[in-house]
Structure formats: C-alpha cells, structure tokens
Amino acid sequence: MKLVKIVLGGMLVAALAVPAAFAAEKDITKSRVPAGDLEKAKAAKSPVDLNAADVIARGKAIFAGKGACFSCHGDTGKGDGIAAAGMEPAPRNFTNAQFNKLRTPGEMMWVLKNGSPNTPMIAVIPAQITEAEGWDVIAYERSLGGK
Ligand code: HEC
C-alpha cells in the first residue's frame, strides 16, 4: 500500500513537472538589452523587408538548419525544443503574439549579437550565423507570432 502511494506520488510529481519545464519563460515584458544600449538597439533597422515571404522562408531554413535555433526554440518556435527540457529560463515562445508587441526587431538583433545576459541564449552572431542571416531568422521568428 505504501509502495502504491509512492508510485502515485511519483507520477503526480512527474505530471506536474513536465508542463512546468516548458512554462518558465522569464518575464517577457522586460527588454534583454541593457538600458545604456536600448535606444540604439531599438533604432536598428533591418536592411531587408521582414514581412517578405522570401526573407521569412530564408529565415526558416536558418532556424531549422545552420542556426540550430530549433534545438531550444522547438521545430515550430514554441520554446519546446529537444534541448529545452528543464532549461531555466525557458527559450522564447515565438508563437506568443504578445512578444512581437513587446520587442522590436532591433532588440532581437542585439540579443543575437550579445546573447541574453545570464541565460542559455548565447550570442550567435558572428560565431554561428552572419548578421544578414540574423535579420532573416528574426523575420521568421516574428512571422510565427502574427501581427
Ligand atoms: C541553447 C538553447 C538556445 C539556442 C540554440 C537558441 N536559443 Fe534563443 N533563447 C534561448 C533562451 C533560453 C531564451 C530566453 C532568454 C531570456 O529569457 O532572456 C532565448 C531567447 C531568444 C530571443 C528573445 C530575446 C528577447 O529579447 O526576449 C531571441 C530573439 C532568440 N532567442 C533567437 C534565437 C535564434 C535566432 C537562435 C538560432 C540562431 C536561437 N535563439 C538559438 C535559448 C536558445
């Protein structure tokens, strides 16, 4: 009887732990850009049209390929990639429409170049992708959340 209770207890813990592992995004209302860099980051303009279908398609290929963004952000950008289980904070869920309202493309570019401080999101430009590829992948990520 005691054993059954332990097993049931274990199952309950596991059932609660799974959604929590993917739910813990750090407060998305706060920019990841330090105050001193924020104005400049926000003003950065993409050289390509972030709404253009060909740009978004290029970005998708980088997200799923060379950039390996999918490994944390998930195949569909929900923040539930294979490497994301238990990750603290959780990778950004780009399908959350709120995110596009809270963040400019320029702030996202700052994160691609500098990483999000004190999180598993490390700088990917120039180590992994070029700046031009960065704008393409930003276009793709923003396309997931709608307007
Ligand atoms: C090792 C896992 C990992 C990989 C790989 C990864 N990310 Fe992230 N990413 C994260 C995490 C974790 C966060 C959340 C950081 C935070 O809350 O500040 C994040 C957040 C972001 C953000 C949001 C920053 C903000 O302002 O809130 C952007 C944009 C982003 N990632 C883009 C990318 C792109 C593009 C790639 C691929 C080139 C990529 N990430 C690859 C883990 C990853």
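Each ligand, and each atom within it, is numbered from 1 in the order the structure gives.
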- Item | Student check: side-chain heavy atoms of His73 and Met121 closer than 4.5 Å | yes

- Message: Do Glu141 and Lys60 have side chains that approach each other closer than 4.5 Å (heavy atoms only, starting at C-beta)?
- Response: no

Identify, for [atom], the protein heavy atom at the shortest distance, and state residue, atom and that distance.
| atom | result |
| --- | --- |
| atom 11 (C) of ligand 1 | Pro91 CA, 3.4 Å |
| atom 40 (N) of ligand 1 | His73 NE2, 2.8 Å |
| atom 15 (C) of ligand 1 | Thr119 OG1, 3.6 Å |
| atom 12 (C) of ligand 1 | Pro89 O, 3.4 Å |
| atom 2 (C) of ligand 1 | Cys72 SG, 1.9 Å |
| atom 10 (C) of ligand 1 | Met121 CB, 3.4 Å |

- Query: Is Ala84 near ligand 1, meaning one of its heavy atoms is under 4.0 Å from it?
  - Reply: no

- Item | Shortest reach to atom 37 (C) of ligand 1 by a heavy atom, considering only Ala64, Cys69, Ala24 | Cys69

- Counting heavy atoms only, which of Arg32, Met108, Glu107, Glu141 is nearest atom 17 (O) of ligand 1? Arg32

Residue portion contacting ligand 1 (non-hydrogen atoms closer than 4.0 Å) for [X]:
| X | value |
| --- | --- |
| Phe99 | side chain |
| Ala90 | backbone |
| Glu25 | neither |
| Ser31 | neither |
| Phe94 | side chain |

- Query: Under a 4.0 Å N-O cut-off, is there an ion pair linking Glu107 with Arg32?
  - Reply: no

- Query: Within the stated cut-off of 2.8 Å, is an N/O/S atom of Ser116 closer than that to atom 8 (Fe) of ligand 1?
  - Reply: no

- Compute the shortest N/O to N/O distance between Ser71 and ligand 1 and return yes if it is under 3.5 Å, no if not. no

